**Q** 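Once you've had a glance at the structure underneath, I'll fire off some questions.
The model shown is predicted, which means the values in this text are computed figures rather than measured ones. Chain naming here is simple, since letters A, B, ... match the order of the sequence lines and numbering starts at 1 in each.
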Amino acid sequence: MSKGFRRIRGVHDGLPDMVRRWRRIEEAARDVFSRYAFAEVRLPVLEPTALFVRSIGEATDIVSKEMYHFVDQGGDDICLRPEGTAGAVRAWLQAGLSRAGATRWFYMGPMFRRERPQKGRLRQFQQIGVEWFGVAGPVEDAEMLAMAHAFLHRLGLDGLRLEINSLGCPACRPAYRERLVAWLSERADALCDTCRERIQSNPMRVLDCKVEACQAALADAPEMIAHLCGDCAAHFAGLKEALGALEVAYVVNPRIVRGLDYYSRTAFEIVTDRLGAQGTVLAGGRYDGLVAELGGPATPAVGFAAGLERLAMLLPEEPAECPDVGVVALGDAALPHALRAARALREGGCSVLWCGGGSARRQFKVADREGVRFVAVIGEDEAAAGRLAWKDMHSGEQRTLTVDEAIKACRAALRSTARGIASRP
RNA sequence: GUGGAUGUAGCUCAAUGGUAGAGCCCCGGUUUGUGGUACCGGUGGUUGUGGGUUCGAGUCCCAUCAUCCACCCCA
């Protein structure tokens with residue numbers, strides 16, 4: 001166990017094994033999202049604290065307890081973004097795009113929340129987010145879900161479940177909320193301590209309490225989905241119809257809730273049972289109230305975000321890429337020729353490992369450990385002749401080639417095998 | 001913020017309160033111009049940290065820190 005500096009709590013070092021998975025996820029996202037004509041944006045990690053205070057509200061203690069925020073040397077109250085949507089709305093408004101019609105954006109990057117770490121929950125984590133500004137219809141919600149589905153399908157993930165719900169709108173939710181609070185208050189005795197407190201602080205959350213006794217008591221609790229206004233009911237019906245047309249499988253889960261008021265209508269989660277208590281892999285929905293809340297013109301919008309770390313945990317290991325060629329240099333006199341040969345091979349498109357000098361045996365062991373396909377041996381004889389000894393590590397066959405011939409041999413071999421998954425015999 | 005579990009070599013793990021070990025990895029050798037296998041040798045530890053009990057603590061007690069899991073919260 002190393003002394004000295006250690007990483008701070010709740011953050012992870014992205015070592016090569018992990019970065020290979022991240023990259024696979026990022027590449028899938030870029031490819032799938034661009035087929036749906038979404039454009040990538042890269043937004044600041046630092047934002048004014050007030051942006052999130054405004055979007056999240058003071059209702060919960062998220063801002064005071066779970067955001068990294070500080071006053072900088074200029075006296076500005078700054079924070080590390082805890083999520084992507086508010087910053088995207090801010091950037092979209094600041095760029096004047098609210099007059100430009102619907103906008104389709106996606107982004108990926110680190111987010112920060114000062115929570116107690118646990119499985120699938122870090123203090124610095126990465127999200128892939130998608131926002132679609134200026135569209136109001138259920139068909140767009142379905143498109144969003146189809147895109148999320150395609151993304152996860154591209155990653156080869158199975159055993160996932162899409163759950164959808166409707167959260168209503170400012171026209172129908174307040175009345176429902178009152179009805180729910182009244183219903184819960186009558187049955188408070190049957191609920192756990194935390195739920196009793198939640199009746200006032202966050203009544204919707206009672207519905208997805210994890211305590212079994214609560215779930216039993218809540219079996220007949222009123223659900224938003226049964227109390228939607230006409231417009232919301234029509235929207236939800238339209239969503240289900242479009243999902244049916246797209247053959248995207250889903251289940252309606254009336255207990256999906258959101259903590260904040262700017263959410264409306266469609267809410268969805270894609271969950272797995274393979275990650276313990278943090279099983280939501282992708283979540284999103286409609287936030288028709290947020291743009292106005294942040295000072296822009298009333299603008300409907302829908303989006304989702306997925307956690308890169310959780311997705312990575314569901315993915316199989318990604319094999320490391322092996323170098324194509326190991327260069328073995330023997331003797332000081334051959335060194336200049338060997339160095340130039342390595343560079344020439346790289347310029348020719350091969351990935352080349354310098355085996356580090358020393359005995360031939362040692363350098364071959366390095367080459368073998370790294371899984372190279374070929375070894376180029378350059379000693380005094382080869383240097384004098386302007387050639388190299390070219391050994392195929394699979395067959396063991398060795399011959400004398402010029403550098404140009406070696407490049408050709410290397411390229412030919414890599415065309416016929418899957419690059420980067422050099423199999424060891 | 002609350003609760004539980006766990007901290008011994010780079011990694012995975014042993015060690016009745018009585019000399020801190022093994023396997024893997026790494027380095028070297030058997031082979032100073034040829035890899036995998038095998039064999040031989042070697043590097044590497046304030047047992048997370050700080051106190052306490054004891055003739056003696058990796059082991060028992062207290063505190064603290066870290067990791068993991070769950071609760072809370074989940075934008």
Side-chain angles (χ1 to χ4, degrees), chain A residues 1-4 6-12 47 51-57 59-67 79 81-89 111-122 125 127 129 192-195 197-198 201-202 204-205 208-211 256-263 269 275-280 283-285 287 290 293 303-305 307 326 328-331 334 355-383 388-398 424-425:
Chain A
M1 188 157 306
S2 86
K3 297 170 286 187
R6 300 180 56 83
R7 78 179 83 92
I8 64 175
R9 182 170 214 193
V11 306
H12 275 187
E47 291 282 1
L51 173 65
F52 298 101
V53 173
R54 184 65 180 275
S55 68
I56 294 166
T60 65
D61 49 21
I62 287 174
V63 173
S64 59
K65 289 188 177 168
E66 295 182 355
M67 269 177 35
C79 72
R81 62 181 181 190
E83 55 102 18
T85 301
V89 170
M111 310 289 168
F112 304 83
R113 300 180 187 178
R114 199 182 178 289
E115 301 175 290
R116 191 82 168 255
Q118 67 185 76
K119 188 180 184 70
R121 174 190 267 194
L122 298 173
F125 59 101
Q127 276 191 344
C192 68
D193 292 346
T194 31
C195 278
E197 286 172 25
R198 279 192 283 223
S201 65
N202 202 348
M204 314 286 202
R205 280 284 172 206
D208 71 347
C209 180
K210 289 169 183 167
V211 177
I256 291 178
V257 298
R258 291 285 184 266
L260 308 179
D261 283 343
Y262 59 72
Y263 286 106
E269 298 183 355
L275 294 178
Q278 304 295 322
T280 302
Y287 50 96
L290 182 59
E293 183 63 40
F304 67 78
V328 170
L330 298 170
C355 290
S359 72
R361 174 183 162 76
R362 197 201 73 80
Q363 294 188 68
F364 265 87
K365 281 185 181 242
V366 169
D368 183 65
R369 185 174 64 218
E370 300 276 349
V372 304
R373 176 66 203 281
F374 301 102
V375 166
V377 183
I378 295 145
E380 290 181 21
D381 296 347
E382 288 83 2
L388 45 76
W390 184 253
K391 180 168 183 174
D392 183 325
M393 296 293 274
H394 286 190
S395 65
E397 180 184 324
Q398 184 167 320
R424 303 168 74 162

**Q** Of all the nucleotides listed (A70(B), G33(B), C68(B)), which has the minimum atom distance to the side chain of His12(A)?
**A** C68(B)
**Q** Just jot down the salt bridge (Lys or Arg N to Asp or Glu O under 4.0 Å) partners of Arg121(A), sequence neighbours excluded, or say none.
**A** Glu115(A)
**Q** Please examine the side chains of Asp392(A) and Arg373(A), heavy atoms only from C-beta on, and report whether any two atoms are closer than 4.5 Å.
**A** yes
**Q** Anything below 3.5 Å on both distances counts as a pair; with that, list the stems of at least three consecutive Watson-Crick or G-U pairs involving RNA chain B.
**A** B:1-7 with B:65-71, B:10-13 with B:21-24, B:26-30 with B:38-42, B:48-52 with B:60-64
**Q** Where the side chain of Pro117(A) is defined as all heavy atoms beyond and including C-beta, which of A75(B), C68(B), G36(B) is the nearest nucleotide?
**A** C68(B)
**Q** Determine the contact category for Arg198(A): base if any of its heavy atoms lies under 4.0 Å from a base atom, sugar-phosphate if only primed atoms, P, OP1 or OP2 are that close, otherwise nothing.
**A** sugar-phosphate
**Q** Could you check which of A75(B), U34(B), A70(B) has an atom nearest any side-chain atom of Arg205(A)?
**A** A75(B)
**Q** Restricting to nitrogen or oxygen on both sides, can you table the protein-nucleotides 29-32 of chain B pairs closer than 3.5 Å?
**A**
from: U30(B); atom 1: O4; to: Arg361(A); atom 2: NH1; distance (Å): 3.4
from: U30(B); atom 1: O4; to: Arg361(A); atom 2: NH2; distance (Å): 2.1
from: U31(B); atom 1: O2; to: Arg361(A); atom 2: NH1; distance (Å): 3.2
from: U31(B); atom 1: N3; to: Arg361(A); atom 2: NH1; distance (Å): 3.2

**Q** From the options C27(B), A75(B), A70(B), select the nucleotide whose nearest atom is closest to the side chain of Glu83(A).
**A** A75(B)
**Q** With respect to the side chain of Lys391(A), which nucleotide from A75(B), U34(B), C73(B) is positioned closest?
**A** U34(B)
**Q** Report which part of the nucleic acid Tyr263(A) touches: base, sugar-phosphate, or nothing (heavy-atom distance under 4.0 Å, all strands).
**A** sugar-phosphate
**Q** Counting any heavy atom closer than 4.0 Å, what does Gly10(A) reach on the DNA or RNA strands: base, sugar-phosphate only, or nothing?
**A** sugar-phosphate
**Q** Please classify the nucleic acid contact of Met111(A) as base, sugar-phosphate, or nothing, using heavy-atom distances under 4.0 Å.
**A** nothing
**Q** For Asp381(A), check side chain to side chain contact (heavy atoms under 4.5 Å, CB included) against everything at least two apart and list the hits.
**A** none
**Q** Report each atom pair, protein N/O against N/O of nucleotides 42-44 of chain B, whose distance is under 3.5 angstrom.
**A**
none

**Q** With sequence neighbours excluded, what pairs up with Arg114(A) under the side chain to side chain donor-acceptor pair (under 3.5 Å) test?
**A** none
**Q** Of all the choices, A75(B), C73(B), G36(B), which nucleotide is nearest to the side chain of Arg113(A) once you look at every atom?
**A** A75(B)
**Q** Hey, does the side-chain of Gln398(A) have a donor or acceptor N/O within less than 3.5 Å of a partner on the base of U34(B)?
**A** yes
**Q** What's the closest nucleotide to the side chain of Arg116(A) if the choices are C73(B), G3(B), G35(B)?
**A** G3(B)
